[in-house]
Each structure stands twice: as C-alpha cells, then as structure tokens.
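Letters A, B, ... are given to chains in the order of the sequence lines, protein chains preceding strands, and every chain is numbered from 1.
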2 protein chains.
Amino acid sequence: MMSNQNKIPQATAKRLPLYYRFLNNLHIKGKSRVSSKELSEAMKVDSATIRRDFSYFGALGKKGYGYNVEYLLGFFRKTLDQDENTPVALIGVGNLGTAFLNYNFTKNNNTKIEVAFDADKRKVGKSIGDIEVHHIEDMEQNLGDISVAILTVPVSEAQNITDRLIKAGVTGILNFTPARITVPESVRVHHIDLAVELQSLVYFMKHYPLENEE
Amino acid sequence: MMSNQNKIPQATAKRLPLYYRFLNNLHIKGKSRVSSKELSEAMKVDSATIRRDFSYFGALGKKGYGYNVEYLLGFFRKTLDQDENTPVALIGVGNLGTAFLNYNFTKNNNTKIEVAFDADKRKVGKSIGDIEVHHIEDMEQNLGDISVAILTVPVSEAQNITDRLIKAGVTGILNFTPARITVPESVRVHHIDLAVELQSLVYFMKHYPLENEE
DNA sequence: TACTTGTCGTGAAATTATTCACTTATTCAT
DNA sequence: ATGAATAAGTGAATAATTTCACGACAAGTA
Ligand SMILES: NC(=O)c1ccc[n+]([C@@H]2O[C@H](COP(=O)([O-])OP(=O)(O)OC[C@H]3O[C@@H](n4cnc5c(N)ncnc54)[C@H](O)[C@@H]3O)[C@@H](O)[C@H]2O)c1
Ligand SMILES: NC(=O)c1ccc[n+]([C@@H]2O[C@H](COP(=O)([O-])OP(=O)(O)OC[C@H]3O[C@@H](n4cnc5c(N)ncnc54)[C@H](O)[C@@H]3O)[C@@H](O)[C@H]2O)c1
C-alpha cells in the first residue's frame, strides 16, 4: 500500500487537496453522484486528467455512472490523512502572519496553526485568532513536536530562523519570504512567492495573449 | 510591438521574475559577474535549467566566464517590461487584502496596487498603505484602465465580482479565494490556493519522505 | 605562446505530465 | 428485455520539462 503511494506523480499529489475540498463541498450540498466532466467544469482541470489522477488509486468510479461522492470523499479522507490533525507553527506575526492566524485554515482542513512566534515584544503575549504569540527566543521550548512551520518573517531572518526550526525538528516549511532557504535533503520546503506570482501573471498577460471570447 | 510566438516555455516564463529579482540583488551588492552554478545555489534551480532558460533569449553569457550581471539584468528588465508600471486593483480589504496593501510589492517590482475596494462601509474612505479604499458599488467608476486585479473577497462573492471585473476590462486576476472562477478565454487567472498549498506540503511530507523538489 | 581551467550553449536522452480516443461496463428510458 | 446513452478506465500518442554530458571557446596563467 505504501509502495503504491510513492508511485503517484507529484502533479497528481498537488491536486489531491483540491479534489478533497470540492468533494467535501458537494457532499455538504447533498450531491451523491458526480462525473469527471462535472468535476472538470467546477475545478478547471481536464476531465481526462481527473480520471487519470483517480485511477492511480484504483477503480474508484463506475462506468456509465460516475463517482459516488460519499465513497470518493471517504477514500480521499483516508488518503490525505484527514482524520489525524496536523499542528502547525507560524513564525512572524506581521501583515501576512496575522492574516493567517485570523483565518487559520479551519474549513475542510486538518491543519491548524497551534502556536505563533515573533521577535516584537509588543506582540508577545497577545492572542490572535485564539493563538497565543510567544517570543521567538522561547521557540524551542514551545514548539512541542510540531513538524510543520509557516515562515512569514522578514527576508533577512529567513535562513537563521529556518536553521533553528530544523534543529528543533521541523521537517516541512511553507516559506512566504522571497529567500530561497537552504535546508537538508530531509526537509521539504514549498515556496510561495507572492511578488513572483503577481509579476508572472503580468508577464503572461503581455506575452501570451489568449483567444478572444468564446 | 510585442509577443513573438509563444516560443518560451511556460515553466521558463514563471521563473523569469525570480531570476530578475536575484540579479537585481546581486547588482545592488556590487557583483558584476555570476555563473549558472552560483545562481543555481542561490535560487535552488538546477544550473542546466537556468542555462536552458536563458538560452531561449539567445546567447547571454560567455563561455568560461559566466554572465555579466548588469547586462543580464538590463536584458531581463526589458523582457519583463520593468520600465512600464503596471497598476493593480485589490478587491476585498480583509485579512489578506490588508496585508497586501501594507506590503504593496514595492521592492524590485513594477507592479503596484493603486486602488482598493470593499463592501464594508467601515473600511470605505480609509487609506491603508496609502491606498484609498472605495466602495465596491463604485468599482467601475474608480477602476480607470486597470487590467490586473487581486481577488481577496469571501469565496461566495468571487464569481460575482469576477464577472464585474471582466465587464470593466480586467484581463488578469490573481485569485486567492478557493473558488475556481469561470472566465472567458481572453482572461488569465492564476489561482493561489493557500489551504491547498499547506495541505499538499503535509501530504508530501508524509508520503514522499527524504526527497526534495521544486 | 601554450596550457589549463571554467563555463556556456545545446543536442539528445530521460522524465514527467497531459490528452486523445477507444473499449467496456453500467444505467436508464421505453 | 432491449437499445441508446453515459462515463470510467486506460493504452498509446503527444507534449512539456528537466537533466545529462560534451564540444567549443574565453579567460587566466606561466
Ligand atoms: N505582506 C505581503 O503582502 C507579502 C507579500 C510578498 C512577500 N511577503 C514576505 O512575507 C514576509 C512577511 O511579510 P509581512 O508583510 O508580514 O512582514 P512584516 O514586517 O509585517 O512581518 C514580519 C514579522 O516578523 C517579525 N520578526 C522579525 N524578526 C523576527 C525574528 N527573528 N523572529 C520572529 N519574528 C520576527 C516582526 O516583528 C514582524 O511582526 C516577508 O519576508 C515578506 O517579504 C509579504
Ligand atoms: N486569510 C487567509 O489566511 C486566507 C487563506 C486562504 C484563503 N483565503 C481566502 O482569501 C479570501 C479572503 O480572505 P480573508 O481572510 O482576507 O477574508 P476576510 O473576510 O477577512 O476579508 C474579505 C473582505 O472582503 C470584503 N467583501 C465582502 N464582500 C465583498 C464584495 N462583494 N465586494 C468587495 N468586498 C467584499 C469584506 O468586507 C472583507 O473586508 C477568502 O476567499 C479566503 O477564503 C484567505
């Protein structure tokens, strides 16, 4: 079962949480049946890609019928380990960090920020979105066994904090700073570079003109 | 005046703003020469990929020497149209929207949020990060000829606001809502789905141990 | 000058991802 | 029951991207 899991293409794996959320929404709306075509229109992913993605996990649907929403949802809940909660730490309670604390990824989601750190004493001791802000100096004492961190500190602090996080046992970092941080092979980093995203959107608009109106 | 054939691969185009920012930083630091290997280590992009990416624009380097930082930077400045400013509108001045307004993508960047809209009268009339917040009802009157929008409204409003943006002439949207919005062929949407990013990081940590990607 | 070193640019190979298009199982209407 | 419609699952084709690995050439050195 586990060796099978490793065979799933990364591109597929990245879409799984999206599938899960849409199925959950369909389930909440009371829909019991759905086709790859419907999913395709809702999620803007080609229907063949959806069928292909699902097929890596076996035959989850029925020919001529489609997919049973509840069954599929249950399958993905297990696959995405939605039953165990994953605690997350947030470092840097500034503009972005505060936004994340207030939002806290609560809906359809097993991830939750459980602790936050900042270097600014005016922020320490406060609670934002029910999460207490600790001083960064006490990070190691307050991390517990959390292995996932969201990094929203100034770029100049990014590598230094990263090193400390890794020493403290963190193995996954969602990095919002523009720094391309250096980590050992055993640590996974996903970069979300908002300035790059905006610039690249503008570049595509200018250089890859799209068809006009359907 | 623009857009030669779609010669440049999309994967390459997405990395261009990253290259630009790093070159700019090197230039500021007074570095005049750089190799693909150095760039690779700093940006965590394979050196062959960097050379390949650059080569789509011609022979920008010198064998045995590397790249001249100033020349390369100037080249990408033109390529990325860094000399013309691109005004951006932000819709939804909530947690995320406020963070973006305060930050405003100012450094090394030709994009700037110039106007913001919200439905909440308590927010209208205020200025955040020097950007005035207008009422969403007056959006069309205050958009001017802005063609890029950042969407940070509640998911339930996403499609409705999108339709209005497009009618008002917007052709590019950076969508932070979980909604997969429907747009005509002529409009480009980049989705940044933060909950999906976090969940997918966790999935990769659990199922792809000891490998690094991106 | 001649030799050594460094590094680009790029064909070719490898890998990864998407899409086509067809077979087959199932449902549904009559 | 029967036939038409539907839609999954998938082999094969195609497309996109990355990576290998090497020839060529500039720069530095003695
Ligand atoms: N806000 C945005 O819209 C935006 C957009 C793109 C990128 N970013 C990046 O995200 C990061 C955060 O941005 P922001 O706007 O929230 O910045 P911010 O300055 O508002 O917040 C940074 C926070 O980190 C804290 N901090 C500083 N040093 C620290 C340390 N050593 N340990 C712990 N906390 C420390 C500060 O006290 C502050 O609260 C930055 O790297 C920025 O470049 C932000
Ligand atoms: N904040 C996060 O960390 C986070 C993370 C992931 C996704 N998101 C998504 O980003 C979006 C914004 O999140 P947020 O936390 O900033 O939400 P928020 O509720 O804090 O902000 C939404 C803002 O939009 C305004 N608004 C409501 N209806 C509007 C309308 N019709 N026109 C204009 N403005 C309108 C509200 O007044 C509010 O100020 C949401 O769709 C959310 O799902 C946010």
Could you pull out every donor-acceptor pair under 3.5 Å between side chains of residues 83-96 of chain A and any protein atom, sequence neighbours left out?
residue : atom : partner : partner atom : Å
N95(A)  : OD1  : N102(B) : ND2          : 3.3

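Whole-Å rounding puts the D46(B) CG to dT16(C) P distance at 13 Å. Put simply, OH on Y67(B) is 13 Å from C1' on dG6(C), counting in whole angstrom units.
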Nucleic acid footprint by protein, nucleotides 23-30 of chain C - heavy-atom cut-off 4.0 Å, B for base, S for sugar-phosphate alone = -BBBSS--
Intermediate values then yes/no, side-chain contact (heavy atoms from CB on, under 4.5 Å), V148(A) and V170(A) | CA-CA 6 Å; V148(A) 185; V170(A) 163; over 6 Å; no
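One axis for each end of the helix from dT1(C)-dA30(D) to dT30(C)-dA1(D), each built from five base pairs, and the angle between them comes to 20° at 10° resolution.
Shown here is E140(B), whose CD atom has more than 12 heavy atoms of other residues, nucleotides or ligands within 6.0 Å. Environment of NZ in K112(B): crowded, with over 12 heavy atoms of neighbouring residues, nucleotides or ligands closer than 6.0 Å.
Using a 4.0 Å cutoff to heavy atoms of chain A, the contacted part of DNA chain D runs 5' to 3' from dT6(D) to dA12(D).
Distance check, rounded to the nearest 0.5 Å: OG1 of T98(B) to CD1 of I131(B) gives 12.5 Å. The structure places CE of M43(A) at 7.0 Å from CG of L23(A), a figure rounded to the nearest 0.5 Å. With values rounded to the nearest 0.5 angstrom, E197(B) atom CD is found 12.0 Å from T111(A) atom OG1. For the atom pair OG (S47(A)) and CZ (R52(A)), the distance works out to 12.0 Å, reported to the nearest 0.5 Å.
DNA chain C lies under 4.0 Å from at least one heavy atom of each of the following residues of residues 49-56 of chain B: R51(B), R52(B), S55(B).
Look at S36(B) and you'll find a side-chain N or O under 4.0 angstrom from OP1 or OP2 of dC8(C).
Heavy atoms of T12(B) sit nowhere under 4.0 angstrom from any nucleic acid atom.
The one candidate from F75(A), F76(A), Y71(A) that meets the ring-ring contact (aromatic ring centres under 6.0 Å, His included) condition with F54(A) is F76(A).
Seen from the ring of Y67(A), R33(A) does not count as a face-on cation partner, given the 6.0 Å and 45° thresholds.
The two atoms that bring T79(B) and Y203(A) nearest to each other are O-CE1, 3.6 Å, heavy atoms only.
E157(A) is linked by a salt bridge (Lys or Arg N to Asp or Glu O under 4.0 Å) to nothing, counting only residues two or more places apart in sequence or in another chain.
You'll find the side chain of T171(B) reaches within 4.5 Å of the side chain of M205(A), heavy atoms only.
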